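What follows is one structure encoded as structure tokens, with my remarks underneath.
In each ligand, atom 1 is the first atom listed, and ligand 1 is the first ligand listed. Bear in mind that the values here come from a model prediction, so they are computed numbers and not experimental data.
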Amino acid sequence: MDSKKRILELREQLHKHNHNYYILNSPTISDIDFDMLMRELQELEAANPDMYDPNSPTLRVGSDITKDFKQVQHRYPMLSLGNTYSKSEVAEFYERVKKGLNEEFEICCELKFDGTSISLTYENGKLVRAVTRGDGEKGDDVTANVRTIRTVPLVLSGGGYPREFEIRGEVLMPWQVFERLNEERAAAGEQLFANPRNAASGTLKLQDSSVVAKRGLDAYLYFMLGEQLPADGHYENLKAAAEWGFKISDYTRKCKTIDEVFDFIDYIDVERKNLPFATDGIVLKVNSLRQQRHLGYTSKSPRWAIAYKFQAERALTRLNEVTYQVGRTGVVTPVANLDPVQLSGTVVKRASLHNADIIEKFDLYIGDMVYVEKGGEIIPKITGVDVDARFMLGEKVRFITNCPCCGTPLVRNAGEAAHYCPNYSACPPQIKSRIEHFVSRDAMNIESIGPETVELLYNYGLVKDIADIYSLEVEELMFLPRMGQKSAENIVAGIKRSLQVPFERVLFALGIRFVGATVAKRLARSFKSVNNLMNASFEELVDVEEIGERIAASVREFFANEVNRELVEKLKAAGLEFEAGDDVATPGTELLKGQSIVVSGVFSLHSRDEYKAMIENNGGKNVGSVSKSTSFILAGENMGPSKLEKAQKLGVRIVGEEEFLQMIK
Ligand code: IVH
């Protein structure tokens, strides 16, 4: 067949398979067959550069060409919604609409997604532009990044869509993805995202779309604009959009009375706690577009819609003291110490104050009554001060100038919010947390040494840097407080076992800033030994896939430090693995030989792709759909409901992450 015709055919097929997989949750071909089609398309496209199409399914992986975002004027301004916090205000909205229309109407109730809004333009069924809200009038052109979001269709399916239209919605980061991202950032010594909304908008603004492609963003659409929409009903238009391939929430209900609206609110207030992503309320929209036009807009927001926001759970309590924590990479975090207060079922005594700018913004004084919130966030935070409650002012809170632990003057890099202590080699909390990181599960996995043992070892002068761990002896450990012979022996045995840990994890264990587990693996595979890595130039480092300038600079800085070079020499002498075994490139056991395995759901220990690679490396076969010849399903959280049902019907075994890792150990 003519290769150009084949390219078009493959693109169409792959778009359809993507839709089946990501939106409908029911693939009709196996992953391997999918990969083969994709590979065929990639090869044909490489041989036919004139067939370039930015919407090709091969381009979902993103590109690392960096560029500043172009500003684009919105054709229709992106307005916000009026907010209400009580049902009585919802009732008032309902009455206003009733009066304004003076005829029957329906209200479409939907989730208020807590992400970042996006406007997508489609022409002739193809995605041509994706723009952020910006200031409502113009936003950033983030098309390259949005193309990597699997749930955003690049090419629409079916027919009946207008030649040109815009569809708006929310880009969000599911909780699981968010938590995993933060774990990775913590392990790499990077600043954490405060909530999934910040993580989603931060990700969308990344310059490197190949990084965006790996971040696991999702997108729900909730508003269509254009000249020739399929129906007069907003709800009906969304249903049509779902047919074209857009992800539309099932939690959308048309209500005929205010009581039905209230029922929906009550239902969602409970249900939302089980949703895999953050929501912060309900949006109510008059369903008929004709009626919407009739009601019109104020300067800021539509008269035909309103947001009912769930109360963020909040408490008022006294600020007693601000203390400062020094992390592994020296970053200093201010912590508010509070009068204990009940908040969403737990007692809160401490809350993060993030950085010096936040303290400045609130103009805090000791003794202030402050608001604490947990809404959506993992660590409670201070969201305001009750200035009226001030009577006897305590001292003004001022960010410290010197490290609270070692006294070294703090530094703040241009463009960064955080202050950090530069005393890398002698600041006690930095050393202790480097040791804790070194022995942790994903690093050297020395289970017998927990944080308390690290504290003891450091305070008694037995371990001053991570290399000292390898000269510990039972006789000296035994005499530490609360330590018997048995535990001392355990510790030494655990240390000895860690000599087997492969190079990639040793590299991660060193705690180089920005080098998380995945980056360490990448570096180990590319450079094969610590010597090669130590001598690698900046250019050689950035040449490696996924290694950007920031990581490269950090690796160079780490190995330029004499203290670290000596440390590596000491660890080498102790017998740690500093060369990649063959298994890093091609592991390969036969443990899963002859087994067909379906991978489904969201995972927390490894990514879905990593599990697929593990299956192949251990002789198993990845298949896309459940059938009676499926050996088992490797299931994470939120496995597709149709797969679950089928598995139960056919009696196919479901295996969780940990069980699976045990199987291939
Ligand atoms: S409709 C003119 N529907 O809330 C109406 N917005 O405060 C346009 N949002 O910027 C918005 N879920 O980012 C609409 N189901 C939903 C929504 C939603 C979340 C966000 C959106 C918007 C903000 C308005």
Side-chain angles (χ1 to χ4, degrees), residues 74-85 89-90 93 97 107-120 130-140 142 146 149 151-152 165-174 195-205 217-226 229 233-235 237-239 241-242 246-255 261 264-265 268-269 271-272 275 277-289 291-310 312 375-376:
H74 291 295
R75 174 180 298 184
Y76 312 94
M78 281 181 88
L79 300 174
S80 61
L81 294 170
N83 285 330
T84 60
Y85 291 89
E89 287 173 288
V90 171
F93 163 77
V97 168
I107 298 283
C108 182
C109 297
E110 28 192 271
L111 298 176
K112 184 159 176 5
F113 304 95
D114 199 6
T116 183
S117 48
I118 192 80
S119 186
L120 310 175
V131 185
T132 62
R133 178 167 190 275
D135 61 4
E137 296 291 330
K138 50 185 182 330
D140 283 327
V142 289
V146 169
I149 304 175
T151 43
V152 171
F165 68 99
E166 267 184 62
I167 187 159
R168 291 181 180 170
E170 205 85 349
V171 170
L172 40 90
M173 186 176 281
N195 53 45
R197 175 177 8 98
N198 290 357
S201 65
T203 300
L204 211 52
K205 296 282 179 65
L217 293 177
D218 202 348
Y220 278 92
L221 285 307
Y222 49 62
F223 187 32
M224 208 193 293
L225 299 108
L229 304 185
H234 161 75
Y235 179 85
N237 282 332
L238 291 187
K239 287 274 165 216
F246 292 102
K247 193 163 182 180
I248 308 292
S249 172
D250 289 333
Y251 292 99
T252 304
R253 187 183 294 170
K254 261 198 307 183
C255 298
V261 173
F264 186 76
I265 290 178
I268 294 297
D269 203 4
E271 193 69 8
R272 74 192 188 105
L275 291 175
F277 48 80
T279 52
D280 60 345
I282 306 279
V283 179
L284 285 72
K285 299 174 182 167
V286 170
N287 195 50
S288 154
L289 305 190
Q291 291 178 337
Q292 288 183 3
R293 277 191 297 273
H294 181 79
L295 291 165
Y297 293 81
T298 70
S299 60
K300 287 204 301 280
S301 52
R303 287 201 183 85
W304 46 264
I306 200 160
Y308 169 82
K309 299 249 272 194
F310 295 120

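A side-chain hydrogen bond (donor to acceptor under 3.5 Å, both in side chains) with Y251 is found for one member of R272, E110, E271 and no other, namely E271.
Remark: minimum distance from atom 13 (O) of ligand 1 to any protein heavy atom is reached at E170 OE1, 2.8 Å. Nearest to atom 22 (C) of ligand 1 among the protein's heavy atoms is Y222 OH, 4.1 Å. Among protein heavy atoms, atom 12 (N) of ligand 1 sits closest to F113 N, 3.0 Å. Regarding atom 3 (N) of ligand 1, its nearest protein heavy-atom neighbour is K285 NZ, 3.0 Å. Scanning the protein heavy atoms around atom 10 (O) of ligand 1, the nearest turns out to be S117 OG, 3.7 Å. Scanning the protein heavy atoms around atom 7 (O) of ligand 1, the nearest turns out to be L81 N, 3.3 Å.
By the 3.5 Å distance cut-off applied to N or O atoms, L111 is counted among the residues near ligand 1. No N or O atom of W304 sits closer than 3.5 Å to an N or O atom of ligand 1.
A donor-acceptor pair is defined here as one N or O able to donate and one able to accept, closer than 3.5 Å; no such pair exists between the side chain of D140 and the backbone of V142.
The shortest side-chain heavy-atom distance between F277 and D218 does not fall under the 4.5 Å cut-off. You'll find the side chain of F264 stays beyond 4.5 Å of the side chain of I107, heavy atoms only. Within the 4.5 Å cutoff, no side-chain heavy atoms of W304 are placed close to those of Q291. Residues R197 and D280 fail the side-chain proximity criterion, which asks for heavy atoms closer than 4.5 Å. Between F310 and I282 the shortest side-chain heavy-atom distance falls below 4.5 Å. Looking only at side-chain heavy atoms (C-beta outward), V146 and L204 come within less than 4.5 Å of each other.
Near E110, with a cut-off below 4.0 Å to any heavy atom, the atoms of ligand 1 are 3 (N), 15 (N), 16 (C). Under a 4.0 Å criterion applied to the non-hydrogen atoms of P302, ligand 1 contributes the atoms 2 (C). Ligand 1 places these atoms under 4.0 Å from at least one heavy atom of K112: 4 (O), 7 (O), 12 (N), 19 (C), 20 (C), 23 (C).
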